[in-house]
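Within every chain, numbering begins at 1; the chains are lettered A, B, ... in the order of the sequence lines, protein sequences first and strands thereafter. Predicted model, so just to flag it, every value in this text is computed and none were measured.
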Amino acid sequence: MSLFQTYTELVHDTLRAMIAEGVLPPLDISRVQVEPPRDAAHGDLATNAAMVLAKPAGKPPRDLANSIAEWLGALPGVTGIDIAGPGFLNLRLQPEIWKRELPLILRAGTAYGNSGRGKGQGAVNIEYVSANPTGPMTAGHARGAIVGDALASLLVKAGYTVTREYYLNDSGNQVAVLARSTHLRYREALGEAIGDIPAGCYPGEYLKDVGQALAARDGGKWLSLSEDEWLPAVRDFAIAAMMDDIKGDLSSMGIRHDVFSSERALVQSGAVEKALETLQHRGLLYEGVLEPPKGKLPDDWEPRPQLLFKSSDFGDDVDRPLKKSDGTYTYFAGDIAYHYDKLQRGSTTLIDVVGADHGGYVKRMQAAVAAVGEGRAALDVKLCQMVSVLDNGVPVKMSKRAGTFITLRDMIDRIGKDVLRFVMLTRRNDQTLELDYAKVTEQSKDNPVFYVQYAHARCCSVLRHAREAFPGAAFDDVGLAAADLVALDSSEEMAVLKLLATWPRVIDLAAEAHEPHRIAFYLQEVAAAFHALWTKGREDTTLRFIHDNDEALTQTHLALVRGVALVIASGLGVIGVTPVAELRA
RNA sequence: GCGCCCGUAGCUCAGCAGGAUAGAGCGCAGGAUUCCUAAUCCUGAGGCCAUGGGUUCGAAUCCCGUCGGGCGCACCA
C-alpha cells in the first residue's frame, strides 16, 4: 500500500472513530481525500475533511477542522497540523515517514509503483491500432498504437487484468479494393502496362511489392480468370502481406497484441446474428425508416426501410441501421457483435483507442455496449487527434510510396522508437500534436525525451563514478536499501524523495483516468527535480552525491540517486521507452 | 443544420474526477559554472483561464447560452 493510501485510510479510520464516539454525527466520509498539497510549504499531506463534512455535520468548517485536528494529531508520524485557507487540514510528517519509502523503492526496483488498484475490478480489454490491412501504418496510426500500448501497460502496472487486442477488418469493401489494386500490380509485375491507377483503387506504390510477390508465387495463374474467381485468393494474399508489414512496424515499436480478432471470422461464426438476437430479446430492434439528415441532403438520399437499433434509448441522437437496404449487415452490426464478443470473453471494461475521425461513432457504440452488456460493462473511447509532422517547422512531404501519408516506418527511421513513443505522449490524446523531427532529436531542455533520459543517465553516471571511487563498497541495490538515511535532511533532497514517493499515486490516478500522458509529464517533473538538486551541489558541497573519504555518507546520497534512476526507469518502462545509461553524443 | 472534441502567459502545452496566491518549457531580460556529463541550474517580467450566465462554502475544472477552431454527419468501412 502506498504512503498516500495508508494515510487516507488512517484519516478515514479516525473520522469513523470520531463518529463512533459521538464527536461527529454519522456522516458519509467517502468524499474525504488525502493528497499532497499543491504547495510544499503547506506541509506533507492535506485533507479536505473539514470542508466536505461541514455542511452535513451542520458546523462551520473551521470549527470542525479544530476538532478533527485534535484527533489526527495522534496519528503515527504526524508532527503537526495546520488549519489553512477555507478549512484545509495540513499535516506535517516526520521525515522518517518519507525516508522509509526509499528502501521500498530500492528493493522493488522498477516494480515500484505497481499497485493492486485493478484487483477485483474486472478484466479490461483494450483495442488499439486496428489499422485496416490496406496499406502501411501512418503517423496517425502511430499515435493510437502508442497511446493504446502505454495505456495497456499502465493498467497492468496498476494491477488490472488486461487483454491487448487488434480488430482486423478483413471483410467488406475496403479489402476488395485492396484485392483489385493488388491484382493490377500483379499484372504489372507480369509485364503488362497498366497505365494510371484507376479511381477506386489504391495508388500507393507499396502494392508493387505485393503484386510481384504474388506473381512470383503463382505465376500467371490469376490472369485469365474472372474477378469472382481470383478475388478471394488475391485478397487473402494481400491482407497477409499488409499484416506482415503492420506487425513488423508494431514490433519495431515494441508493441504487441494478445489477440487479433478477424472481422470475417466473426461474421462467419454467426456472431452477428447472436448479438442481434440479444438486442431482439430486449426489444431494441425494429424495421423502420430513418429521418433524412438535417442540413444539406446527400444527392442519393431516399427513404429506405431498414433493420434499426434503438440506440436513442441509450443516449444516441438517432437510431442506427444494422442492415443495408439490400439486406446485408452494416459495419456497425459487425462491430456490435465484436464488442459483444469481447464482453462474452469476460471483459467488463472495454477501451477503444481510435482516430478522431471516429468521433461520430462513439455514442452509438457506447449505446450498443450498454444494451448488449446489460449495463454491467462500460466502453471508454479514446479519440486521438491528428498528428502533423514537421521538420524545422516545415511540413514533411508525404510519402509517395505510401500513397499520401507519412509512414510510421519513416518516423522510426528518422527519430527512433524511443523518441517517437515519448513524444506521442507529451500531449493529451484529445489535443492535436505537432511533431517536429528537428526538435525532438535535439539534445536540449526543450526536448522532453532528452531531458528525462539525461536525468537517468546522470544518475547512472554518478553511480559509476562512486563505484570507482569506493571499490568494494556496498553500492548495489541491496546495500543502498540498508543505507543510513539520517543525513538525508536538506529540503532539496526531501523534495526529490517526496516526489518519488508519489509515483504509486500517479500510477493509480493515471490508470483510473485512462490517461497515459500523465506518466510522461510526471517523468519530466522528476527529471527537473533531480537536475536542480544536481546543480545545487555545485554551490553547496553537502548536497553532492559523492563524498571523498566518506563511504557511509556517499552511500546515503547514492540511495536517493538510485531511487531517482529506478523511478524514471519504471516510468519509461510503462510508456515503452528504454532508459539509457549514457548519452554522450 | 446536428453531434463530438478543443479554446489557459507572445508561442507550445500541463493543471491530478471542484479546493488554498493558476503551473512548466520555449522566447524575452538578468545571473550561476575550476567540480558527480554546462546537453544543466537560478531570478525576473508576462494570464479578467475565449465570453455571458448558473450550481457551490469554493469553478480553469460541473451545467446552459454565445463566439472561434478541428473532426464527423443515412444503406461507407
[X] (side chain) donor-acceptor with [Y] (main chain) under 3.5 angstrom:
X: R364(A); Y: D316(A); result: no
X: E493(A); Y: S490(A); result: yes
X: H531(A); Y: A528(A); result: no
X: T554(A); Y: H547(A); result: yes
X: K382(A); Y: V147(A); result: no
X: S570(A); Y: L566(A); result: no
X: R544(A); Y: G537(A); result: yes
X: N429(A); Y: C384(A); result: no
X: N447(A); Y: V440(A); result: yes
X: Y454(A); Y: A527(A); result: no

Take atom [atom1] of [X] and atom [atom2] of [N], then tell me their distance rounded to the nearest Å.
X: E512(A); N: A17(B); atom1: CD; atom2: P; answer: 8 Å
X: L53(A); N: C57(B); atom1: CG; atom2: P; answer: 15 Å
X: I239(A); N: A77(B); atom1: CD1; atom2: C1'; answer: 13 Å
X: R320(A); N: C75(B); atom1: CZ; atom2: P; answer: 9 Å
X: W301(A); N: C76(B); atom1: CH2; atom2: P; answer: 16 Å
X: E539(A); N: G31(B); atom1: CD; atom2: P; answer: 17 Å
X: L553(A); N: C36(B); atom1: CG; atom2: C1'; answer: 14 Å
X: I507(A); N: C16(B); atom1: CD1; atom2: C1'; answer: 13 Å

Which atom pairs link the protein and nucleotides 45-47 of chain B when you take only N or O atoms and keep those under 3.5 Å?
none

Where the side chain of [X] is concerned, which of [options] is the nearest nucleotide?
X: N132(A); options: C16(B), A77(B), U37(B); result: A77(B)
X: K55(A); options: C4(B), C42(B), U56(B); result: U56(B)
X: Y454(A); options: U40(B), C16(B), C75(B); result: U40(B)

Report which part of the nucleic acid R538(A) touches: base, sugar-phosphate, or nothing (heavy-atom distance under 4.0 Å, all strands).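 It contacts base atoms.
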
Which part of the nucleic acid does F450(A) contact within heavy-atom distance under 4.0 Å: base, sugar-phosphate only, or nothing?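 Result for F450(A) = base.
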
Sort me out a list of protein N/O and nucleotides 19-25 of chain B N/O pairs below 3.5 Å, or just none if empty.
| residue | atom | partner | partner atom | Å |
| --- | --- | --- | --- | --- |
| A20(B) | OP2 | R38(A) | NH1 | 3.2 |
| A20(B) | N6 | N90(A) | OD1 | 3.1 |
| A20(B) | N1 | N90(A) | OD1 | 3.0 |
| A20(B) | N1 | N90(A) | ND2 | 2.9 |
| U21(B) | O4 | D39(A) | OD2 | 3.3 |

Roughly how far apart are K536(A) NZ and S491(A) OG, rounded to 0.5 Å?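 K536(A) NZ to S491(A) OG: 7.0 Å, rounded to 0.5 Å.
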
Distance from F314(A) atom CZ to Q366(A) atom CD, nearest 0.5 Å?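 These two atoms lie 12.5 Å from each other.
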
Identify all pairs in which a protein N or O lies below 3.5 Å from an N or O of nucleotides 12-14 of chain B, and state each distance.
| residue | atom | partner | partner atom | Å |
| --- | --- | --- | --- | --- |
| U12(B) | O2' | R427(A) | NH2 | 2.4 |
| C13(B) | O5' | R427(A) | NE | 3.1 |
| C13(B) | O5' | R427(A) | NH2 | 3.4 |
| A14(B) | OP1 | R428(A) | N | 2.8 |

Quick check: H465(A) with F545(A) (ring centres under 6.0 Å apart)?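 Ring centres of H465(A) and F545(A) not closer than 6.0 Å.
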
Roughly how far apart, to the nearest Å, are [N] and [M] at atom [atom1]?
N: A22(B); M: U34(B); atom1: C1'; result: 42 Å
N: U51(B); M: C41(B); atom1: C1'; result: 40 Å
N: U8(B); M: C71(B); atom1: C1'; result: 22 Å
N: G10(B); M: C48(B); atom1: P; result: 8 Å
N: A45(B); M: A29(B); atom1: C1'; result: 8 Å
N: C49(B); M: C4(B); atom1: C1'; result: 23 Å
N: G23(B); M: A14(B); atom1: C1'; result: 7 Å
N: U12(B); M: G27(B); atom1: C1'; result: 11 Å

Taking only Lys NZ, Arg NE, NH1 and NH2, and the carboxylate oxygens of Asp or Glu, determine whether R92(A) and D82(A) approach each other closer than 4.0 Å.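 Looking at D82(A) together with R92(A), the answer is yes, because their closest N to O distance falls below 4.0 Å.
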
Is there a side-chain polar atom (N or O) of Y338(A) under 4.0 Å from OP1 or OP2 of A77(B)?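 For A77(B), OP1/OP2 do not have a side-chain N/O of Y338(A) under 4.0 Å.
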
On the nucleotide U37(B), are OP1 or OP2 found under 4.0 Å from the side-chain N or O atoms that H465(A) carries?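 Yes, within the criterion.
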
On RNA chain B, nearest-nucleotide positions of R518(A) versus A532(A): which is more 5'?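 Result of the comparison: R518(A).
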
Reading RNA chain B from 5' onward, which residue's closest nucleotide shows up sooner: S171(A) or I546(A)?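 The 5'-side residue here is I546(A).
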
Looking only at the side chains, is there a donor atom on one of [X] and [Y] sitting less than 3.5 Å from an acceptor on the other?
X: D352(A); Y: H339(A); result: yes
X: Y7(A); Y: D44(A); result: no
X: E165(A); Y: S261(A); result: yes

Want to know the stems of RNA chain B: at least 3 consecutive Watson-Crick or G-U pairs with distances under 3.5 Å, which are they?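 Result, WC/G-U stems under 3.5 Å: B:1-7 with B:67-73, B:10-13 with B:23-26, B:28-32 with B:40-44, B:50-54 with B:62-66.
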
With salt bridge (charged side-chain N to carboxylate O under 4.0 Å, His left out) as the test, would you mind laying out the steps for D326(A) and K324(A) before giving the verdict? CA-CA 5 Å; D326(A) 66 4; K324(A) 306 174 202 167; 5.4 Å; no

Residues in contact with RNA chain B, drawn from residues 352-368 of chain A - heavy-atom cutoff 4.0 Å: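 The stretch gives A356(A), D357(A), Y361(A), K363(A) as the residues lying under 4.0 Å from the strand, ordered by number.
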
Can you list, by residue number, the residues of residues 322-330 of chain A that have a non-hydrogen atom closer than 4.0 angstrom to RNA chain B?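 Hits under 4.0 Å, by residue number: K324(A), S325(A), T330(A).
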
Within the 4.5 Å heavy-atom criterion, are L322(A) and L308(A) side-chain neighbours or not?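 A side-chain contact under 4.5 Å is absent here.
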
Relative to each other, are the rings of Y361(A) and F332(A) parallel, tilted or perpendicular (30° and 60° limits)?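 Answer is perpendicular, since the angle exceeds 60°.
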
More than 12 heavy atoms from other groups under 6.0 Å of CD on E291(A):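 Open: at most 12 neighbouring heavy atoms sit under 6.0 Å from CD of E291(A).
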
